[in-house]
Amino acid sequence: MTKRQPFFYDITLRDGNQSLKKPWNTLEKEIIFNLLVELGVQGVEVGFSAASDMDFEACSRLAQIAPNNIVISGLARAVQGDIIKVAQAIEPANKPRIHTFIAMSPFNMQYVLNKTPEQVRKIAVEAVEFAKKTIGKRGEIQFSVEHFGDCHENIDYVIDSLQEVVKAGATIINLPNTVERTRPKQFVDLVEKVYSALPKDITIAVHNHNDLGMATAATVESYFAGAVQLECALNGLGERAGNTNMYEVAIALHNSGVNVPLNLDKIYETALTVSEMSGVKIYEKAALIGPDALAHRSGIHQDGAVKTKDMEKGAYRPIHPSLIGRKDDEKLGFTSQSGKTAIFEIITKAGYPISIQEAQRIAPIAKAEAEKIGELSTRNVIDIYYNNILNVKGPFKLCNMEKLENENIKLLFMYNNKSYDIEVAGNGPVDACIKAIQKAGFNCEFLNYEQKALNMGSDAQAMSIMFFKANDGQTIISRACDESTVKANIKAIFNGLNIIETL
């Protein structure tokens with residue numbers, strides 16, 4: 001099947017707006033319309049002009065300011081009064097379209113319309129003929145089979161009716177899943193039947209509601225079954241559980257190799273504005289745009305995310321966030337399901353030095369805390385870092401250190417509540433401290449150390465990083481901070497002793 005470029009037809013200002021607790025006025029609709037223009041949609045259904053004077057005014061205003069390349073459509077029931085209202089409202093548009101509809105499902109024809117199939121077909125054909133006559137050569141007609149998703153039993157009748165509707169002047173046939181009841185495949189099969197039965201110069205459209213949460217899937221698969229016009233709403237706004245979410249469809253097609261004619265980098269900014277203006281919050285787990293859409297809490301996922309964070313394709317994300325204009329990166333939250341990778345990334349991002357070895361050492365402490373309170377904040381993790389990396393508790397406790405007049409060092413410390421008061425000479429405080437500990441009878445195989453300045457708040461401090469060789473041969477890293485470089489060195493030595501003691 002040769003694929004035409006998808007035509008994104010936005011229904012936020014009609015279907016989405018009518019579902020709001022406080023529908024938008026003309027000024028608010030204009031703001032949303034301008035967002036749609038920036039996003040690059042090809043068609044906009046600006047409203048239901050027969051609904052109220054305010055809606056008529058809004059439709060007329062948007063038709064006046066619409067760029068010449070955008071189709072401006074208005075919805076009308078299959079009655080002459082509605083059709084005339086639409087024609088009047090959108091008359092200023094360069095590409096006007098009248099969109100009329102009637103239900104053709106057996107259930108709705110019998111219990112809602114109280115009409116026979118023959119009567120419904122006649123109404124549909126006459127409405128399209130009247131709309132075509134009213135709009136003239138400059139405009140076009142779209143016809144929708146309301147409740148098309150319920151037309152399994154009478155699909156032959158629907159196809160016959162649509163063939164008549166096309167002869168009457170409709171060039172866009174819209175197939176709505178007005179209420180999503182079953183799996184997408186059943187709906188897509190119906191779309192494919194209609195596509196096969198109608199002339200190929202007729203545009204097939206789909207309009208899916210999200211009652212079972214599968215509107216995006218039904219829309220995307222309908223495109224590959226022959227539908228070109230994809231009717232979507234910003235943020236998935238719409239009656240009940242909403243309409244097909246435009247962002248999800250656009251990205252799914254993009255990832256499938258389809259040339260999507262939208263400015264995808266406008267998606268995130270648009271979503272935030274629409275949420276604010278509609279009063280409908282973005283669900284934290286919402287695909288692509290949710291606050292948690294880039295969050296990882298599982299240790300396995302965090303490891304993969306970090307290893308691929310600078311790559312276009314990520315181990316655990318569908319796109320690079322920048323594709324939709326998100327400037328935030330993947331977020332690692334620490335819970336009882338997380339591990340050393342999250343500790344390392346959180347501490348590093350906060351501006352503190354840490355090694356993977358150190359992150360692994362304090363991960364169990366963080367897990368235990370998370371089991372009690374849930375996800376840890378960055379502050380929680382930093383506190384664990386302070387208390388267990390920069391201030392390691394254990395049997396060794398530094399009490400005092402002083403330089404004597406003869407350049408010797410006097411060291412007072414405790415081990416399991418036993419005091420040691422040692423005086424030694426050394427090549428500087430670090431060497432003297434190590435010798436004092438060894439003189440007290442403790443094995444301490446010191447390797448080397450580093451120093452760096454660290455701004456930990458309002459005051460710069462010295463950080464000392466010590467490297468020891470443990471009894472099992474592994475290299476142990478310890479750290480400490482103080483305004484005094486000498487004190488930072490000595491504290492780091494005692495932190496290292498306490499770490500070795502726990503091995």
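The only option from Leu262, Asn235, Leu264 that meets the side-chain contact (heavy atoms from CB on, under 4.5 Å) definition with Tyr247 turns out to be Asn235. With Ser338 as the partner, the side chain to side chain donor-acceptor pair (under 3.5 Å) test is satisfied by one option alone out of Gln302, Arg297, Glu375, His301: Gln302. Between Phe468 and the options Ile493, Ile477, Leu447, a side-chain contact (heavy atoms from CB on, under 4.5 Å) holds for only Ile493.
Residue Lys367 qualifies as enclosed at atom NZ: its count of foreign heavy atoms under 6.0 Å is above 12. Crowding of Glu276 atom CD: a count of heavy atoms from other residues, nucleotides or ligands under 6.0 Å not exceeding 12. By the neighbour-count criterion of 12 heavy atoms within 6.0 Å, atom NZ of Lys285 is densely surrounded, having more than that number from other residues, nucleotides or ligands. Heavy atoms from other residues, nucleotides or ligands lying under 6.0 Å from CD of Glu423 number more than 12. In Asn448, the CG atom is crowded: over 12 heavy atoms of neighbouring residues, nucleotides or ligands sit closer than 6.0 Å. For Ile300, the CD1 atom counts as loosely surrounded, since its 6.0 Å shell holds 12 or fewer non-hydrogen atoms of other residues, nucleotides or ligands. Surrounding CG of Asn417 are at most 12 heavy atoms belonging to other residues, nucleotides or ligands under 6.0 Å away.
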Please test Ser298 against Gln337 for side chain to side chain donor-acceptor pair (under 3.5 Å), starting from the C-alpha separation and ending with a verdict. CA-CA 5 Å; Ser298 156; Gln337 308 301 303; over 6 Å; no

Go through the steps to decide whether Leu253 and Phe224 satisfy the test side-chain contact (heavy atoms from CB on, under 4.5 Å), and finish with yes or no. CA-CA 10 Å; Leu253 291 177; Phe224 290 101; 3.8 Å; yes

Would Asn255 and Ile251 count as a side-chain contact (heavy atoms from CB on, under 4.5 Å) if you check the C-alpha gap in whole Å, the side-chain angles of each, and the deciding distance to 0.1 Å? CA-CA 6 Å; Asn255 283 2; Ile251 298 303; 4.1 Å; yes

side-chain contact (heavy atoms from CB on, under 4.5 Å), that's the test. Do Asn400 and Phe413 meet it? Break it down for me. CA-CA 7 Å; Asn400 189 44; Phe413 68 95; over 6 Å; no

Using the salt bridge (Lys or Arg N to Asp or Glu O under 4.0 Å) rule, take Lys29 and Asp55 through it: C-alpha gap first, then chi angles, then the decisive distance, then the call. CA-CA 10 Å; Lys29 276 196 168 189; Asp55 219 39; 2.8 Å; yes

Verify side-chain contact (heavy atoms from CB on, under 4.5 Å) between Ile70 and Val37, making sure each step is shown before the conclusion. CA-CA 8 Å; Ile70 293 182; Val37 172; 3.8 Å; yes

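Pairing each heavy atom of Ile354 with each of Ile362, the nearest pair is CD1-CD1, 4.3 Å. Counting all heavy atoms, side chain and backbone alike, Asn177 lies closest to Gly149 at OD1-CA, 3.4 Å. Between His320 and Met311 the shortest heavy-atom distance is CD2-O, 3.7 Å. Residues Ala480 and Lys491 come closest through the heavy atom pair CB-CB, 3.4 Å. Annotation for Gly47 and Cys59: closest pair CA-SG, 3.6 Å, computed over non-hydrogen atoms. Pairing each heavy atom of Val41 with each of Met246, the nearest pair is CG1-CE, 3.6 Å.
Within the 4.5 Å cutoff, the side chain of Lys435 has no heavy atoms near those of the Ile422 side chain. Residues Leu62 and Gln64 fail the side-chain proximity criterion, which asks for heavy atoms closer than 4.5 Å. The closest side-chain heavy-atom distance from Leu412 to Glu402 is not below 4.5 Å. By the 4.5 Å heavy-atom criterion applied to side chains, Arg361 and Ile499 are counted as neighbours. Using a 4.5 Å heavy-atom cutoff, the side chains of Val306 and Leu332 are in contact. Side-chain atoms of Ile434 and Cys444, non-hydrogen and from C-beta on, do get closer than 4.5 Å to each other. Inter-residue side-chain proximity for Glu231 and Asn174 is flagged as met; some heavy-atom pair is nearer than 4.5 Å. Leu376 has its side chain out of reach of Ile346: every pair of non-hydrogen atoms, C-beta onward, lies at least 4.5 Å apart.
A cation-pi contact, defined as under 6.0 Å to the ring centre and within 45° of the axis, links Arg326 to Tyr268.
For the pair Thr475 (side chain) and Lys469 (backbone), a donor-acceptor distance under 3.5 Å is absent. Using a distance-only test at 3.5 Å, with no hydrogens or angles considered, a donor-acceptor pair links the side chain of Asn263 to the main chain of Glu38. Remark: side-chain polar atoms of Ser478 are paired, donor with acceptor, to backbone N or O of Ala492 under 3.5 angstrom. Between the side chain of Gln461 and the backbone N or O of Cys481 there is no donor-acceptor pair closer than 3.5 Å. Using modelled atom types, one side-chain atom of Asn495 and one backbone atom of Val392 make a donor-acceptor pair closer than 3.5 Å. Counting only distance, with no hydrogens or angles, the side chain of Asn210 and the backbone of Ala215 share a donor-acceptor pair below 3.5 Å.
Of the inter-residue distances, the one linking Cys399 atom SG with Leu411 atom CG reads 9.0 Å to the nearest 0.5 angstrom. In this structure, the separation between CD1 on Ile32 and OG1 on Thr273 is 7.5 Å, given to the nearest 0.5 Å. Of the inter-residue distances, the one linking Leu13 atom CG with Leu237 atom CG reads 10.0 Å to the nearest 0.5 angstrom. Summarising the geometry, atom CG belonging to Asn243 is positioned 4.0 Å from atom CG belonging to Asp15; distances are rounded to the nearest 0.5 Å. Here the CE atom belonging to Met214 is positioned 12.0 Å from the CZ atom belonging to Phe187, to the nearest 0.5 angstrom. To the nearest 0.5 Å, atoms CD1 (Ile72) and CG (Asn68) are separated by 10.5 Å.
Aromatic rings from Tyr420 and Phe442 are positioned such that their centres are separated by under 6.0 Å. Aromatic pair Phe467/Tyr449: centroids not less than 6.0 angstrom apart.
Between the side chains of Thr244 and Thr216, no donor N or O sits under 3.5 Å from an acceptor N or O. Of the N and O atoms on the side chains of Asp482 and Ser484, not one donor lies less than 3.5 Å from an acceptor on the other residue. Residues Tyr9 and Glu45 have side chains that bring a donor and an acceptor to within less than 3.5 angstrom of each other. His254 and Asn259 are not linked by any side-chain donor-acceptor pair at a separation below 3.5 angstrom, with hydrogens and angles left out of the test. With hydrogens and angles left out, the side-chain atoms of Gln42 and Asp10 include no donor and acceptor closer than 3.5 Å. With 3.5 Å as the limit, one finds no donor-acceptor pair spanning the side chains of Ser336 and Glu371.
Looking at residues two or more places apart in sequence or on another chain, you find a salt bridge (Lys or Arg N to Asp or Glu O under 4.0 Å) between Lys307 and Asp303.
Using a 30° and 60° split on the angle between ring planes, Phe396 and Tyr415 fall in the tilted class, from 30° to 60°.
Contacts classified as salt bridge (charged side-chain N to carboxylate O under 4.0 Å, His left out) and involving residues 329-358 (residues at least two apart or in different chains) are given here: Asp292-Lys331, Lys309-Glu345, Arg317-Glu330, Glu358-Arg479.
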